[in-house]
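Whatever order the structure lists them in is the order used to number ligands and atoms, beginning at 1.
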Amino acid sequence: MEKKKFYITTPIYYPSDKLHIGHTYCTVATDTLARYHRLRGEEVMFLTGTDEHGQKIEDKAREAGVTPKEFVDRIVEGPGGVLDLWKLMNISNDRFIRTTDDYHVQSVQKIFRRMYDNGDIYKGTYRGKYCKPCESFWTESQLVDGKCPDCGREVQDAEEEAYFFRLSKYADRVRDLLENTGFLEPRSRVNEMVKNFIDPGLEDLCVSRTSFSWGIPVDFDPGHVVYVWVDALSNYITALGYENGRYNDYQDWWPGVNIVGKEIVRFHSIIWPAMLMSLGEPLPKKVFGHGWLLLDGGKMSKSKGNVADPYILAEKFGVDALRFFLMRTFPFGSDGNFSNELLIQTINTDLANDLGNLVSRTTAMTGKYFGGHLPAGCAAWASPEPCDTELRSAALALRDAYEKSMEAFAPHTALADVFRVIQRANKYIDESAPWKLSRDMEANGPRLAHVLYNLLETTRICGVLLTPFMPDAMENLFAQTGVPAEGRTWESAAQWGALPETAAVAKGENLFPRVDMDKALEELEAAAAAAKKAAMPAIEIEPQLTEKVDFDTFCKSDFRVVKVKACDAVKKSAKLLRFTLDDGTGVDRQILSGIHQWYEPETLVGKTLVAIVNLPPRKMMGLESNGMLISAVHTEKGEEALHLLMLDDAIPAGAKLC
Ligand code: MSP
């Protein structure tokens with residue numbers, strides 16, 4: 001009989017920076033699902049990759065002084081890069097796609113042309129607000145107080161020739177797909193999509209740009225590059241060989257399941273199916289939008305400097321413990337707060353205490369009382385006690401419950417079920433008190449052997465179901481408990497007795513050692529600091545000096561020493577801080593500065609800074625700013641670093657810099 005086929009994908013990640021624990025979360029979850037389907041005996045194709053085009057990468061490469069391809073090559077293939085991270089995390093992807101791969105480029109050009117030929121892509125004019133210094137187009141709603149959301153400068157109306165995709169044409173079919181099928185999950189995301197994007201009316205989508213060049217050229221109009229989403233979304237089919245000769249797997253594997261983070265559900269549940277409708281191709285079986293891992297309640301971002309490093313965590317606690325923590329702790333469809341404390345707590349409670357103890361106690365007792373081999377006949381017991389029956393039924397019912405949860409993309413629930421059985425088994429040890437039985441081996445030996453067999457069998461069933469989450473640790477568990485290959489299968493997880501009665505049991509090293517919370521937290525902090533220091537320096541760029549100004553022009557700038565009386569974050573702005581300053585005039589001066597990503601406001605109160613005070617007032621987020629604080633800015637490891645100019649506090653407010 002032909003095996004059932006299952007195709008599953010992660011988003012393709014932007015290689016604009018090292019990936020962090022958030023990306024790791026999605027990839028581990030997808031890997032767990034892929035491994036679960038393999039365990040069931042299905043044939044699985046698991047795809048991940050990188051999304052390498054676009055303005056951001058072009059800009060970052062320029063800053064680093066390398067070509068965009070050199071830049072992405074380093075992040076994808078370089079030491080500590082994307083490929084290394086997935087290897088470390090034991091990710092079992094069958095394929096890895098890079099959108100700069102020739103075959104993908106070729107396919108995207110053909111896809112674009114097919115949609116053009118069938119009338120779904122047409123040439124029009126893209127109108128937007130353009131920020132010249134940033135070379136970026138913005139929509140009206142993206143502006144902050146009418147200004148560029150990135151640099152705060154004036155924007156101007158501008159237009160450029162562009163190609164558009166007739167997304168509006170597919171509005172009704174996409175609505176129907178969302179509302180009347182199980183295409184998008186969790187269900188709550190459907191309401192979000194319909195209310196926010198379909199109800200207000202779908203507009204045609206701009207799918208080409210002429211303002212940057214790092215992208216796939218439209219082959220019949222080379223000044224245009226394909227705008228990122230058409231390029232990126234196509235990866236799920238080009239990686240199977242769609243419109244290219246590299247693979248021949250499209251017919252066999254498509255459609256599949258796309259796992260994505262909640263912020264890109266919109267692209268995957270509206271644009272992606274509409275593109276496929278235009279191409280006349282089958283739609284994905286499912287798009288699942290998982291939640292975010294938050295740090296300190298907020299979004300992780302490299303520029304905020306608040307990312308958790310999967311390398312450090314895996315090295316410290318082990319890959320399987322980290323994988324387990326991610327899947328056990330955060331309900332897959334919702335946001336969750338990541339913290340090192342929570343990670344250590346989970347390792348100690350679930351892995352060291354519950355699972356680790358069960359395995360070490362059971363194997364140790366089998367060794368101690370029976371020399372590592374239970375006697376033949378120990379699986380049967382003429383008149384089972386209630387605790388025997390309870391344990392056995394809990395273990396036997398587990399696979400069904402687990403299957404339901406895994407099929408519903410709820411790995412956290414599947415794990416909760418497994419751990420309930422593990423806890424039940426630990427309780428069974430207390431109830432059956434093997435150490436008491438051992439006091440009279442002649443009378444109680446057979447009973448003791450039966451108790452241990454029940455424990456080993458329960459452990460085996462749990463071990464099979466934990467394999468997709470912790471593949472290496474479960475190998476180890478099976479080795480210690482003597483489980484043969486036939487006892488590690490999906491079928492055997494619903495059967496009692498797959499462990500041979502006389503299997504060789506040998507206590508090994510603790511599967512999951514207990515972690516000393518305080519010590520580990522301290523070490524993590526030190527490791528994070530060391531990693532920061534040791535991080536490869538980015539290719540340094542030549543300091544660029546600007547054109548000369550005459551002395552009189554320079555003298556017109558009035559730089560003064562100012563003291564920070566108060567400083568707070570401006571509401572609804574990620575960047576702006578509001579300063580109340582003593583400038584020596586006796587009247588408070590208010591200056592707004594977009595430096596929140598580098599400084600927390602409370603740390604600046606009392607500091608002595610420098611401001612230019614004769615700039616015309618400027619409004620930002622509805623507040624007036626009178627002047628500008630002076631900082632030193634440079635690029636470090638491809639990122640902008642900023643330091644406010646701070647002077648000796650002995651210098652009085654109002655002193656003039658000249
Ligand atoms: N390149 C696009 C996706 C194109 S797919 C055709 C992109 N890339 S990304 O690098 O920004 O990665 C986004 C994905 O990474 C999210 O959708 C999510 O799966 C994962 N995550 C990134 N940060 C995350 C968290 N803080 N928490 C959980 N997942 C996160 O968007």
Side-chain angles (χ1 to χ4, degrees), residues 8-33 47-57 60 72 75-76 81-82 85-86 89 91 96-100 104 107-108 111 184 189 207 214-216 226-239 242 256-273 275-276 284 287-310 313 325-327 329-339 409 411-412:
I8 190 162
T9 65
T10 71
I12 46 171
Y13 304 106
Y14 292 128
S16 49
D17 255 317
K18 268 184 87 170
L19 301 189
H20 56 63
I21 197 77
H23 306 104
T24 308
Y25 173 62
C26 177
T27 309
V28 165
T30 312
D31 182 64
T32 303
L33 291 165
L47 171 73
T48 186
T50 40
D51 184 1
E52 306 191 348
H53 293 124
Q55 174 124 40
K56 186 162 179 203
I57 300 223
K60 286 218 144 196
V72 294
I75 294 192
V76 176
V82 178
L85 179 60
W86 297 155
M89 293 307 300
I91 301 302
F96 189 94
I97 186 169
R98 301 181 58 180
T99 54
T100 50
H104 174 78
S107 300
V108 167
I111 289 170
L184 173 61
R189 307 234 183 266
V207 289
W214 179 236
I216 300 181
V226 176
Y227 190 50
V228 285
W229 283 100
V230 172
D231 171 0
L233 290 163
S234 305
N235 92 86
Y236 302 127
I237 52 176
T238 64
Y242 186 75
V257 172
N258 298 137
I259 305 289
V260 303
K262 65 175 186 179
E263 83 290 0
I264 53 173
V265 161
R266 173 183 165 201
F267 304 100
H268 284 80
S269 66
I270 297 177
I271 299 173
W272 179 220
M275 269 175 67
L276 289 164
V287 168
F288 188 91
H290 69 78
W292 277 352
L293 290 194
L294 306 173
L295 212 63
D296 307 323
K299 199 178 170 197
M300 276 183 216
S301 98
K302 198 78 189 182
S303 53
K304 275 204 235 162
N306 67 341
V307 292
D309 186 335
L313 298 173
F325 162 72
L326 292 172
M327 295 297 93
T329 315
F330 310 107
F332 194 40
S334 331
D335 290 351
N337 255 315
F338 175 90
S339 78
F409 299 90
H412 56 288

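The aromatic rings of Y25 and F330 lie perpendicular to each other, with more than 60° between the two planes, well past the 30° mark. Ring pair W229/H268 is perpendicular by interplanar angle, where above 60° counts as perpendicular and below 30° as parallel. Ring-plane geometry between F409 and F288 is classed as parallel, the angle between the planes falling under 30 degrees on a 0 to 90 degree scale with a further cut at 60.
The shortest N or O to N or O distance between V260 and ligand 1 is not below 3.5 Å.
You'll find the side chain of V260 stays beyond 4.5 Å of the side chain of F267, heavy atoms only. Side-chain contact between E263 and W292 is present, with heavy atoms from C-beta onward closer than 4.5 Å. Here the side chains of T329 and F338 are not in contact, with every heavy-atom distance at 4.5 Å or above. Here the side chains of L313 and F325 are not in contact, with every heavy-atom distance at 4.5 Å or above. Under the 4.5 Å side-chain criterion, counting only non-hydrogen atoms from C-beta, Y242 is in contact with I111. In this structure the side chain of I75 never reaches within 4.5 angstrom of the side chain of Y14, judged on heavy atoms.
Distances below 4.0 Å separate heavy atoms of I264 from the following atoms of ligand 1: 3 (C), 17 (O), 31 (O). Remark: ligand 1 atoms within the under-4.0 Å shell around heavy atoms of C26 are 19 (O). Numbered from 1 in the order shown, with element, the atoms of ligand 1 that lie under 4.0 Å from a heavy atom of E263 read 13 (C), 14 (C), 16 (C), 17 (O). Residue contact check: A232 has heavy atoms under 4.0 Å from atoms 6 (C) of ligand 1. Less than 4.0 angstrom separates some heavy atom of D51 from each of these atoms of ligand 1: 1 (N), 2 (C), 4 (C). The contact set between ligand 1 and H268, taken as ligand atoms under 4.0 Å from a residue heavy atom, comprises 5 (S), 6 (C).
At least one heavy atom of G291 lies less than 4.0 angstrom from ligand 1. Contact analysis leaves F338 out of contact with ligand 1, as no non-hydrogen atom separation drops below 4.0 angstrom.
In this structure, Y236 has its ring center closer than 6.0 angstrom to the ring center of W272.
Of the protein's non-hydrogen atoms, Y13 CD2, 3.4 Å is the one closest to atom 12 (O) of ligand 1. Distance from atom 6 (C) of ligand 1 to its nearest protein heavy atom, with residue and atom name: Y236 OH, 3.5 Å. The protein heavy atom nearest to atom 26 (N) of ligand 1 is L293 O, 3.0 Å. Of the protein's non-hydrogen atoms, H290 NE2, 2.8 Å is the one closest to atom 19 (O) of ligand 1. In this structure, atom 3 (C) of ligand 1 lies nearest to the protein heavy atom I12 O, 3.2 Å. Among all protein heavy atoms, the one lying closest to atom 23 (N) of ligand 1 is H20 CE1, 3.4 Å.
With a 6.0 Å radius and a threshold of 12 heavy atoms from other residues, nucleotides or ligands, K56 has its NZ atom at or below the threshold.
A donor-acceptor pair under 3.5 Å is absent between the side-chain atoms of T9 and the main chain of L47, judged by distance alone.
Among S234, P11, G49, G22, the residue whose heavy atom lies closest to atom 30 (C) of ligand 1 is G22. The heavy atom nearest to atom 9 (S) of ligand 1, out of those in W272, Y14, Y25, is found in Y14.
If you look at K299 next to ligand 1, there are no close heavy atoms at all, none under 4.0 Å. If you look at K262 next to ligand 1, there are no close heavy atoms at all, none under 4.0 Å. With a 4.0 Å cut-off on non-hydrogen atoms, F267 does not touch ligand 1 at all.
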